[in-house]
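Report on the structure given below.
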Amino acid sequence: MKAVRFNGVGKPATVEDVPRPEPGPGQVLLKIGGAGVCHSDLHVMEEELGFRAGFTLGHENAGWIAALGEGVGGFKEGDAVAVYGPWGCGHCHACQVSMENYCENAERLGGAGGGLGFDGGMAEYMLVPAARLLVPLGSLDPRQAAPLSDAALTPYHAIKRALPRLAAGATAVVLGVGGLGHMAVQLLRALAPVRIVAGDVDAAKLRQARELGADATVDTRDVEAAAAAIRDIVGPRGAALVLDCVGIQPTFDLGARVLGRDSRWTIVGLGGGHHDFRFGSTPYGCEVCTPYWGGRAELMEVIAMARDGRIRAHITEYPLERAPEVYAELKAGKVVGRAVLVP
Ligand SMILES: [Zn+2]
Ligand SMILES: [Zn+2]
């Protein structure tokens with residue numbers, strides 16, 4: 001079968017022929033319906049994150065069950081499912097409360113999940129090591145569902161933790177309206193009565209943010225001007241939440257300038273920005289956090305929201321073979337919404 005392979009840091013992904021896997025006891029074989037193309041794959045390919053070369057990329061996956069390994073119940077062939085991405089040990093406290101994204105044994109597992117150390121979903125078939133990592137889709141199309149497993153789950157997890165601060169009259173600022181950001185705007189709209197300000201460097205993405213429910217948008221190419229524009233909107237109270245989906249130095253600097261007192265500064269973008277954290281470097285009561293992905297039960301909630309029409313991933317489909325060029329477009333900032341590879 002065809003698969004998009006990680007060939008080591010500094011090398012481009014390539015489409016190769018690999019053997020179709022067979023599910024062992026407890027495992028599930030999926031026929032992939034769609035695999036989201038995530039910006040963090042670019043970090044995997046360009047930075048030393050500790051991944052060994054030689055696995056199939058794709059950590060936003062959904063499809064249909066093709067075969068069940070021995071002893072797997074609760075599913076049948078043909079069921080549409082999304083794959084929960086961060087694969088934990090399955091038995092520590094974090095995993096038991098479905099937060100495998102915070103697995104206590106993460107360092108010892110040899111990879112972070114399918115497409116992140118283990119074979120992922122940019123292929124015709126994917127092996128999932130345990131049925132607990134699958135979420136039924138019901139009527140939702142796997143191509144629509146695939147990006148939800150990261151691009152929606154990650155901001156959902158971040159926003160849920162910020163909800164006590166997101167009362168009416170408060171403002172949430174979303175920086176970066178890419179794959180995660182375009183879901184974050186919809187999630188905020190569905191979850192909280194806040195005003196939403198979205199910032200990006202691209203006019204098409206700002207237009208999309210307004211269509212998806214942002215009350216105001218700000219061009220962030222000039223950090224000083226953007227900070228002034230956002231402060232104009234939020235007033236002296238400042239932002240109750242800054243959700244930074246980019247994480248580069250300019251978005252760090254911008255976020256720091258618009259936060260209010262007793263706020264939450266959440267960075268989910270892996271852009272490598274830096275903040276000199278000390279007393280006085282943020283307003284009083286500001287919580288700074290870098291959450292990672294989300295929980296299994298939270299993925300069920302995200303899928304339920306999509307099935308009920310409260311959120312929708314805006315996707316562009318590409319054949320699997322075009323993965324290298326889609327990565328190039330993503331790197332150039334040309335993808336609006338989420339690109340999904342369809343084998
Ligand atoms: Zn991702
Ligand atoms: Zn664990």
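Remember, it's 1-based here, ligands and their atoms both numbered in the order they're listed. When a residue number appears, it is its place in the shown sequence, counting from 1.
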Do H59 and W293 have their ring centres less than 6.0 Å from each other?
->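 Close enough - the centres of the two rings lie under 6.0 Å apart.
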Ring-ring centroid check H157 Y102, cutoff 6.0 Å =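 Yes - the distance between ring centres of H157 and Y102 falls below the 6.0 Å cut-off.
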CA sep, side-chain torsions, deciding dist, call: H275, V288, side-chain contact (heavy atoms from CB on, under 4.5 Å) = CA-CA 10 Å; H275 175 72; V288 181; 5.6 Å; no
Are R5 and T14 close enough, and set up right, to give a side chain to side chain donor-acceptor pair (under 3.5 Å), and what steps lead you there?
-> CA-CA 5 Å; R5 303 288 283 178; T14 51; over 6 Å; no
Are R261 and Y284 in a cation-pi setup, meaning NZ or CZ lies under 6.0 angstrom from the ring centre and within 45 degrees of the ring axis?
-> no
Rounded to 10°, how many degrees is the angle OD2/D150-the Zn ion (ligand 1)-NE2/H59?
->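 Value, to the nearest 10 degrees: 110°.
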Could you tell me whether the Zn ion (ligand 1) has an N, O or S atom of C38 under 2.8 Å away?
->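 For C38, the answer is yes, given that an N, O or S atom comes within less than 2.8 Å of the Zn ion (ligand 1).
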Is it true that some N/O/S atom of H91, main chain or side chain, lies under 2.8 Å from the Zn ion (ligand 2)?
-> no
Do you see an N/O/S atom of H93, backbone or side chain, under 2.8 Å from the Zn ion (ligand 2)?
-> no
Opening angle at the Zn ion (ligand 2) [SG, C95; SG, C103; to 10 degrees] =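 For SG of C95 and SG of C103, the angle centred on the Zn ion (ligand 2) reads 110°.
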